[in-house]
Amino acid sequence: MTEKIYTSKQNGFVAFIGFMILYLAAIPLVILGPMKIDSEDLGVGITLLVIGVTWLSIGWIPFLGLKILKPQEAYVLTLFGNYKGTLKEPGFYWVNPFCQAVNPAAATKLAQSGDSGASKQVAVVQANAAVVSQEVFSKKISLKAMTLSNGRQKINDCLGNPVDIAIAVIWKVTDTAKAVFNVDNYKEYLSLQCDSALRNIVRVYPYDVAQNVDTTGDGRPDEGSLRGSAEVVAERIKEEIQSKVGDAGLEIIDARITYLAYAPEIASVMLQRQQASAIIDARKMIVDGAVGMVEMALERLNENNVCELDEERKAAMVSNLLVVLCGNHDAQPIVNSGSLY
């Protein structure tokens with residue numbers, strides 16, 4: 001299905017004025033008809049009366065062809081089941097009054113911009129002591145950029161850890177014919193494809209950097225992760241969604257990760273793991289610095305010939321310096337006033 005622009009011109013004002021004049025002109029015909037009949041001009045009187053009554057009865061039908069479009073809105077029109085075209089330019093139009101606007105997603109409400117307040121409650125009918133609300137949904141298709149957020153999903157990453165993740169997808173309709181006729185409901189179709197694409201991409205990445213994990217598919221381990229490669233992951237999600245919704249006439253403008261965390265059942269364990277890793281890294285840095293300071297102390301003592309230390313005394317000094325430099329608490333020195341032996 002290919003989109004085509006409806007060939008009607010923006011002649012809504014002309015049509016409205018013309019039909020209104022004809023409708024008002026029918027009132028004098030209804031009045032003059034009986035007058036002609038009374039004046040023994042029977043044929044003319046009946047003709048005027050029939051024309052006036054007929055136009056007053058069906059003259060409202062052409063007004064159904066009046067359409068008003070705002071910027072970034074469109075009408076997809078069908079005539080007796082056949083696709084006639086799409087109105088996309090803003091203006092006041094008159095089209096065939098039997099043309100129907102089609103929008104299968106008009107009543108669909110998702111967690112996205114543009115859906116709140118999309119319907120108007122136009123009538124309340126009271127019958128059998130029950131109040132039944134009737135809602136009329138606009139058949140216009142919005143061409144604006146909209147943001148879809150499907151909420152959080154629990155997905156296992158490539159290491160099998162459950163992760164809670166949510167994305168926001170910015171999208172718009174580019175081909176109204178494909179959006180209306182190629183899929184049953186383009187909003188629901190987009191929502192499902194976003195969920196599917198998110199799962200497909202998240203399963204490729206670990207939450208944090210892991211060893212021997214290939215996230216690019218080139219057969220070599222890399223440092224890709226959901227937390228550290230958010231831009232790359234979002235771009236891959238965008239491309240994955242676009243490959244699925246192109247046939248529905250939709251364009252994915254951008255995709256962004258809005259929430260990322262371990263699932264609650266493993267969050268505390270992973271926090272302890274991160275804390276342990278941080279402690280190990282900190283201890284490693286402290287030990288490396290302490291060993292360097294001990295080496296420097298021994299070199300300075302030898303260079304200045306302060307004292308000569310045998311291997312046992314060097315070992316004792318190294319042990320004492322490491323305890324002082326690597327301890328969690330301040331050292332409590334003990335002054336030895338006698339011999340070391």
I'd like to check [X] versus [Y] (side-chain heavy atoms, cut-off strictly below 4.5 Å). Are they in contact?
X	Y	answer
Asn200	Glu240	yes
Ile5	Lys88	yes
Ile252	Leu190	yes
Thr258	Ile167	no
Pro104	Asp184	no

Examine distances only and state if a side-chain atom of [X] and a backbone atom of [Y] form a donor-acceptor pair shorter than 3.5 Å.
X	Y	answer
Thr108	Lys187	no
Ser229	Leu226	no
Asn103	Lys140	yes
Gln153	Ile165	no
Glu251	Lys172	no
Asp222	Thr215	yes
Tyr186	Asn182	no
Asp164	Ala263	no
Ser196	Leu192	no
Asn150	Ser191	yes

Report the distance from atom [atom1] of [X] to atom [atom2] of [Y], rounding to the nearest 0.5 Å.
X	Y	atom1	atom2	value
Ile201	Glu239	CD1	CD	8.5 Å
Thr78	Gln100	OG1	CD	5.5 Å
Ile155	Tyr207	CD1	OH	13.5 Å
Leu260	Asp157	CG	CG	9.5 Å
Met293	Asp288	CE	CG	13.0 Å
Ser142	Lys70	OG	NZ	11.0 Å

Would a single hydrophobic cluster contain both [Y] and [X], if residues Ile, Leu, Val, Met, Phe, Trp and Tyr are joined by side-chain heavy-atom contacts under 4.5 Å?
X	Y	answer
Leu69	Val180	no
Tyr6	Leu66	no
Val14	Leu24	no
Trp94	Phe63	yes
Met146	Tyr189	yes

Residue pair [X] / [Y]: nearest heavy atoms and the distance that separates them:
X	Y	answer
Asn185	Ala105	OD1-CB, 3.2 Å
Ala74	Thr86	CB-CG2, 4.0 Å
Asn156	Pro162	OD1-CA, 3.4 Å
Ala234	Ala255	CB-O, 3.2 Å

Enclosure of [X] [atom1] (heavy-atom neighbours >12, cutoff 6.0 Å):
X	atom1	value
Asp214	CG	yes
Glu73	CD	yes
Glu223	CD	no

Worksheet item: Going through the checks in order, is the side chain to side chain donor-acceptor pair (under 3.5 Å) test met by Arg236 and Tyr205?
Response: CA-CA 11 Å; Arg236 291 187 65 176; Tyr205 288 85; 3.1 Å; yes
Worksheet item: In terms of side-chain geometry, is the basic nitrogen of Arg256 or Glu231 positioned less than 4.0 Å from the acidic oxygen of its partner?
Response: yes
Item to complete: Determine whether the side chains of Thr176 and Glu3 contain a donor N or O and an acceptor N or O closer than 3.5 Å.
Response: yes
Worksheet item: Relative to Tyr75, does Lys67 satisfy both conditions: NZ or CZ under 6.0 angstrom from the six-membered ring centre, and within 45 degrees of the ring's axis?
Response: yes
Discussion item. I'd like to know whether Asp208 forms a side chain to side chain donor-acceptor pair (under 3.5 Å) with Ser225, so could you lay out the CA-CA distance, the side-chain angles of the two residues, the decisive distance to 0.1 Å, and finally the verdict.
Written reply: CA-CA 5 Å; Asp208 214 340; Ser225 66; 4.6 Å; no
Discussion item. Please determine whether side chain to side chain contact (heavy atoms under 4.5 Å, CB included) holds for the pair Val213 and Leu159, giving the CA-CA distance in whole Å, both sets of side-chain angles, and the decisive distance to 0.1 Å.
Written reply: CA-CA 9 Å; Val213 174; Leu159 301 179; 4.3 Å; yes
Discussion item. Running the 4.5 Å side-chain criterion over Ile, Leu, Val, Met, Phe, Trp and Tyr, what cluster does Ile253 land in, apart from itself?
Written reply: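 Members other than Ile253 - counting any ILVMFWY side chain reachable under 4.5 Å - are Ile170.
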Worksheet item: Under a single-linkage rule joining Ile, Leu, Val, Met, Phe, Trp and Tyr whose side-chain heavy atoms are separated by less than 4.5 Å, which residues share a cluster with Ile61?
Response: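 Cluster partners of Ile61: Ile58, Trp60, Leu64, Leu79, Phe80, Phe98.
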Worksheet item: In terms of ring plane angle, is the pair Phe92 and Phe16 parallel, tilted or perpendicular, where the classes change at 30° and 60°?
Response: tilted
Worksheet item: What's the verdict on side chain to side chain contact (heavy atoms under 4.5 Å, CB included) for Leu87 and Val95, showing C-alpha distance, side-chain angles and the deciding distance?
Response: CA-CA 10 Å; Leu87 294 177; Val95 299; 4.1 Å; yes
Item to complete: Going by the side chain to side chain contact (heavy atoms under 4.5 Å, CB included) test, name the single residue among Thr147, Ile241, Leu250, Asp254 that passes it with Trp171.
Response: Leu250
